[in-house]
Undergrad: 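Got a structure here, written out as structure tokens. Questions coming.
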Amino acid sequence: MTDTSKLIEQRTAIESLRVASHRHLTPVAAPVGPSYSHPSLILQGRKLGCVVMAGGQATRLGSTSPKGVIPFSAVANKPLLQIIAEKVKAYSRCYGIEPCLAIMTSEASDAATRTLFENHQFFGLRSVEFFVQPSLPLLDMTGELITGSDGTVLTGPDGNGSVFAGLMRSGIGEQWEQDGVEGVCLIMVDNPLLDPFCPAIFSPIFEGCDLTAAAIERASAEEQVGLFAIDNKRLCVVEYSEVDPVLRAARDDQGHLVFRWANISFFGCSIPFLKEAAAAPLPLHVAKKKVQGIEVWKSEYFVFDAMSAARTITLIPLEREACFAPIKDTLTLEKARSAMVARDRRRFFELTGVEAEASVPFELSASAFYPSDRFLTWLRGNILRRGFLEEPSESSS
Ligand code: UTP
């Protein structure tokens, strides 16, 4: 049954999109990253949680399977969710504590996501939870419901901002609190470069901050990323599809973008903040998308809007090459694959001092990013310049 008040909210969002003005926003000052000489010590002995937002419909990619399960990596063809699960596993081998992993799915992605994990024995992880986000009706260009040939109303997942309420509603947030989780990161399934356990994202959380938000420098005025800005003394993000074009392109005297910092939707949170955000009402956004060949208004809650529920937020500057290659369509899928190969070659050189061959695909296992002593010893005896490099499992060594 259609929720009438929700429908009114959706129609109001379409109207306000047409009149939105952002001229009152001001730019954020350059964020200063935390400095420490041994970043890995920050995470030592800490119990962490990681929530993957994997409920999207992937309309721009046009794939029938959810983004998280399609073959992706350059040599071993690993899907994005496998890459994330293996980072969690590698992290546990390196630090001796397994982070809790939760995956937000939707009606569109739930079955395929669970099947991937079940077929791979949960990638050897002990604690993987799933929760399904709700859906909202898709509206036609006149704001009316769309009914399929079987009489059902066409719907889509209600946006990644659903993550907070979903985590609490499912009981996972409560469980993590009881299990002593000290910090939680929120990550997108479609950004394979990201290090979910980046010490800079967690360190302010351990010191009592509610929320950390990663920021990278915008590449151009046209880049499709949300902008960090200040709205009435509070940090916010304005989505690229909604921002005033004048503001989006504004440059200073030196030619730098005035609104210089981009959101990559990578956050660190305290458990108390997760609870606050789950209870906070978020605004509904609308965007035109093509679903099943029809142009529709899709209504979504955005994860970054929960920043308004945080008492303290720290913006964390990160290097684009190390953390951002989002997969949105077939072009960015290829770009992300190349970015991962380049990142793996750089990492291989850092660890071995040996250059991987530039002309062939190259892929490192997640252990290279959370290297245990055992992995480093093994790596020294197995210098390989091409192909795929993964240490044998403990049972086979
Ligand atoms: P996008 O906004 O790029 O959406 O999601 P999408 O569904 O993946 O792709 P399009 O817009 O239909 O082409 C960014 C991240 O947020 C997650 C996605 O899975 C992706 O990790 N997401 C998006 C959700 O978890 N739920 C949603 O309702 C929407």
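Only a predicted model underlies this, so the values are computations on that prediction, with no experimental measurement involved. Order of listing sets the numbers, starting from 1, for every ligand and every atom in it.
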Undergrad: Among all protein heavy atoms, pick the one closest to atom 3 (O) of ligand 1 and tell me residue, atom and distance.
TA: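 Protein heavy atom with the smallest distance to atom 3 (O) of ligand 1: K328 NZ, 2.6 Å.
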Undergrad: Please identify which atoms of ligand 1 are closer than 4.0 Å to at least one heavy atom of M104.
TA: 25 (O)
Undergrad: Using a plain distance cutoff, I'd like to know if G55 has any nitrogen or oxygen under 3.5 Å from a nitrogen or oxygen of ligand 1.
TA: yes
Undergrad: Pairing donors with acceptors under 3.5 angstrom, does anything connect the side chains of R93 and S367?
TA: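 Checked: R93/S367 side chains pair up, N/O donor to acceptor below 3.5 Å.
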Undergrad: Among all protein heavy atoms, pick the one closest to atom 29 (C) of ligand 1 and tell me residue, atom and distance.
TA: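 Ranked first by proximity to atom 29 (C) of ligand 1 is E300 OE2, 3.5 Å.
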Undergrad: Check the angle between the aromatic planes of F122 and F117 and answer parallel, tilted or perpendicular using the 30° and 60° thresholds.
TA: tilted
Undergrad: To check your reading of the model: name the closest protein heavy atom to atom 19 (O) of ligand 1, its residue, and the distance in Å.
TA: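 For atom 19 (O) of ligand 1, the nearest protein heavy atom is G56 N, 3.0 Å.
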Undergrad: For atom 16 (O) of ligand 1, what's the nearest protein heavy atom and its distance?
TA: N160 ND2, 3.2 Å
Undergrad: What I want to know is whether V189 and ligand 1 share at least one N or O pair that is separated by under 3.5 angstrom.
TA: yes
Undergrad: Can you confirm, on distance only, whether ligand 1 has an N/O atom lying under 3.5 Å from any N/O atom belonging to Q133?
TA: yes
Undergrad: For ligand 1, which atoms sit closer than 4.0 Å to a heavy atom of K67?
TA: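 Listed by number with element, the hits are 3 (O), 6 (P), 8 (O), 9 (O).
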Undergrad: Show the atoms of ligand 1 that are less than 4.0 angstrom away from any heavy atom in M53.
TA: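 Atoms satisfying the 4.0 Å criterion: 17 (C), 18 (C), 19 (O), 20 (C), 21 (O), 25 (O).
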Undergrad: Mind checking the CD1-CH2 spacing from I146 to W297? Nearest 0.5 Å is all I need.
TA: 12.0 Å
Undergrad: Please list the nearest protein heavy atom to atom 12 (O) of ligand 1 with its residue and the distance rounded to 0.1 Å.
TA: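 The closest one turns out to be T59 OG1, 2.6 Å.
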Undergrad: Students should be able to answer this: which protein heavy-atom is nearest to atom 2 (O) of ligand 1, and at what distance?
TA: R60 NH2, 3.9 Å
Undergrad: In Å, rounded to the nearest 0.5 Å, how long is the span from CG of L364 to CG of L351?
TA: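 The CG atom of L364 sits 7.5 Å away from the CG atom of L351.
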Undergrad: Hey, are N160 and E300 close enough side-chain-wise for a donor-acceptor pair under 3.5 Å?
TA: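 E300 vs N160: no donor-acceptor pair found between side chains.
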Undergrad: To the closest 0.5 Å, what do you measure between NZ (K67) and OG (S109)?
TA: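 So the NZ of K67 and the OG of S109 are separated by 11.0 Å.
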Undergrad: When you measure from atom 15 (C) of ligand 1 to every protein heavy atom, which one gives the shortest distance, and what is it?
TA: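 Ranked first by proximity to atom 15 (C) of ligand 1 is M188 SD, 3.0 Å.
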Undergrad: Can you tell me which residue and heavy atom of the protein come closest to atom 20 (C) of ligand 1, and the distance to 0.1 Å?
TA: D190 OD2, 3.6 Å
Undergrad: Scan side-chain atoms only and decide if S73 and E363 contain a donor-acceptor pair under the 3.5 Å cut-off.
TA: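 Yes, because at least one side-chain N or O of S73 sits under 3.5 Å from a partner of the opposite role on E363.
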Undergrad: Are N119 and T115 close enough that a side-chain donor and a side-chain acceptor fall under 3.5 Å?
TA: no
Undergrad: Heavy-atom distances under 4.0 Å are what count here, so tell me which part of P157 touches ligand 1: side chain, backbone, both or neither.
TA: both
Undergrad: For G159, state whether at least one heavy atom is located under 4.0 Å from any atom of ligand 1.
TA: yes
Undergrad: Determine, stepwise, if the pair E350 / R345 fulfils salt bridge (Lys or Arg N to Asp or Glu O under 4.0 Å).
TA: CA-CA 9 Å; E350 270 168 32; R345 286 204 184 100; over 6 Å; no
Undergrad: Run the salt-bridge test on R248 and E223 with the 4.0 Å N-O cut-off and return the result as yes or no.
TA: no
